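The structure appears right after this line, and notes come after that.
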Amino acid sequence: MKNGKVQRSGDAENHLPVFQTVLGDAWHDLGDIVKRHYSLQPYSNDYICVSGTMQEVQHSAIGKLLIPFGWIFGALVPYRGIDVPIDVHYNSHLDNNSIYWDRVFQFPGHRPFHFRSHMEQIGGNRVIEFVRFGVGLRLRVTAEEGALVFRDEGYIWRLFGVDIPVPVGLLFGRAYVEERPVDAQNFSMKMTLRHPLFGELFRYSGRFVIKPDISRNS
């Protein structure tokens, strides 16, 4: 990325950003900083990185019991912390229209923790975010007051190309994620995982900036 812009391959110039396709006309309702860091195009080598601090990464006592399942699927952050440095790497690939995330948390006293996933559009403003072993979370994506908002619509297991609904939400609850503009250079992010009986199991929130000189050596 140079001068704060996405690194882009020339072959992708005729493609809209992935999330502009997901949101349709609502794309224009997003804040400029949110559009900038979600401007990756499909079927390209686009790449961008944001850097920031998670003011808090927390889980409840019941949430802690679920962490071993998270380790298996690569889906939950296993540590608690405040003011945790984090870099988030976003990629698209030449051979598909997905977006790939590598979230790198730097918890003191631990090796960098990578939370990796990729997201596929499944029609309209719906996407699936996949972690390991074909486990995915269906999400409805909206633009609300400049923010990009993801709401949980249930889990699936992709087996031999077939998406099979699985009742994982009975265990993990429902997810909510938003990324909201703060000013021209910064945006905030928060995630909560809330169970209907046990309340909030996981949450984290932070503030980020697009940094032009971050390299991918983590």
Side-chain angles (χ1 to χ4, degrees), residues 1 4 33-34 36-38 40 47-91 98-119 128-137 139 147-152 155 168-169 171-183 185-195 198-218:
M1 184 171 60
I33 186 66
V34 178
R36 279 175 59 199
H37 92 272
Y38 275 106
L40 278 71
Y47 164 73
I48 197 168
C49 181
V50 302
S51 184
T53 301
M54 286 296 187
Q55 282 100 13
E56 61 169 0
V57 182
Q58 296 293 335
H59 55 258
S60 69
I62 293 176
K64 186 175 182 179
L65 299 176
L66 303 176
I67 286 175
F69 297 98
W71 273 108
I72 293 171
F73 296 106
L76 297 176
V77 180
Y79 309 118
R80 295 186 179 105
I82 57 173
D83 297 331
V84 179
I86 179 174
D87 292 338
V88 184
H89 303 277
Y90 300 75
N91 281 88
S98 299
I99 290 181
Y100 295 78
W101 277 266
D102 184 5
R103 308 161 181 87
V104 188
F105 294 79
Q106 304 282 349
F107 288 93
H110 298 278
R111 296 175 59 186
F113 177 78
H114 292 256
F115 175 11
R116 297 182 176 95
S117 66
H118 76 275
M119 189 170 285
I128 301 178
E129 183 173 9
F130 285 96
V131 288
R132 296 176 187 159
F133 308 123
V135 174
L137 174 61
L139 296 158
L148 187 65
V149 177
F150 300 85
R151 287 186 172 88
D152 181 335
Y155 292 82
V168 179
L171 184 64
F172 289 104
R174 305 297 292 271
Y176 172 88
V177 181
E178 70 171 39
E179 300 191 19
R180 185 173 298 277
V182 175
D183 54 38
Q185 301 299 323
N186 296 270
F187 66 94
S188 64
M189 179 271 177
K190 73 174 182 179
M191 185 282 296
T192 60
L193 201 58
R194 182 176 294 276
H195 194 278
F198 306 124
E200 190 175 80
L201 302 180
F202 292 86
R203 73 174 184 271
Y204 52 73
S205 60
R207 183 165 170 161
F208 295 84
V209 63
I210 300 173
K211 300 194 72 174
D213 299 321
I214 283 184
S215 62
R216 300 197 67 203
N217 56 9
S218 56

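All values derive from a computational prediction rather than experimental measurement.
What you find for V131 and G74 is that their closest heavy atoms are CG1-O, 3.9 Å. Between I33 and P181, the shortest heavy-atom contact is CG2-CB, 3.6 Å. Between V182 and S188, the shortest heavy-atom contact is CG2-N, 3.6 Å. Minimum interatomic distance between Q58 and I82 (heavy atoms only, all atoms of both residues): NE2-CG2, 4.2 Å. The two residues P112 and V104 make their nearest non-hydrogen contact at CB-CG1, 3.9 Å. Across all non-hydrogen atoms, the minimal contact from T192 to R203 is CG2-CB, 4.1 Å.
Looking only at atom types and distance, the side chain of Q55 has no donor-acceptor partner in the side chain of Y204 under 3.5 Å away.
Take Y79 and apply the side chain to side chain contact (heavy atoms under 4.5 Å, CB included) test, not counting sequence neighbours, and it matches W71, F107, H110, F113. Residues forming a side chain to side chain donor-acceptor pair (under 3.5 Å) with R180 (at least two apart in sequence, or on another chain): E178.
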request  = I would like to know whether E129 and R103 meet salt bridge (Lys or Arg N to Asp or Glu O under 4.0 Å); could you show each step before the answer?
outcome  = CA-CA 14 Å; E129 183 173 9; R103 308 161 181 87; 2.8 Å; yes
task = List the steps and the verdict of side-chain hydrogen bond (donor to acceptor under 3.5 Å, both in side chains) for T53 and D83.
result = CA-CA 6 Å; T53 301; D83 297 331; over 6 Å; no
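For the atom pair CG of L193 and CZ of F202, the computed distance is 6.5 Å after rounding to the nearest 0.5 Å. The distance from the CG atom of L76 to the NE2 atom of H59 is 9.5 Å, given to the nearest 0.5 Å. Here the straight-line distance linking atom OG of S98 with atom CG of L40 works out to 12.0 Å at 0.5 Å rounding. Atom-to-atom distance recorded for E179:CD and F150:CZ is 6.0 Å, nearest 0.5 angstrom. Rounded to the nearest 0.5 Å, atoms CZ (F187) and NE2 (H37) are 3.5 Å apart. Rounding to the nearest 0.5 Å places OG of S51 at 11.5 Å from CD1 of I210.
Here the side chains of Q185 and R36 are in contact, with some heavy-atom distance below 4.5 Å. No side-chain heavy atom of Y90 sits less than 4.5 Å from a side-chain heavy atom of D102. Residues M119 and F130 fail the side-chain proximity criterion, which asks for heavy atoms closer than 4.5 Å. Between V57 and R80 there is no side-chain heavy-atom pair separated by less than 4.5 Å. You'll find the side chain of F208 reaches within 4.5 Å of the side chain of M189, heavy atoms only. Contact of the L139 side chain with the I128 side chain is not registered, since no non-hydrogen atoms from C-beta on lie closer than 4.5 Å. With contacts defined as side-chain heavy-atom distances shorter than 4.5 Å, the pair Y176/K190 qualifies. In this structure the side chain of L66 reaches within 4.5 angstrom of the side chain of L171, judged on heavy atoms.
Distance alone, capped at 3.5 Å, is enough to place a donor-acceptor pair between the R132 side chain and the I72 backbone. Without hydrogens or angle criteria, R174 side chain to D152 main chain gives a donor-acceptor distance under 3.5 Å.
Salt-bridge formation is not detected for the pair R207/E56: no Lys NZ or Arg NE/NH1/NH2 atom is positioned less than 4.0 Å from an Asp or Glu carboxylate oxygen.
Taking the six-membered ring for Trp and the full ring otherwise, H195 and F172 have centroids separated by 6.0 Å or more.
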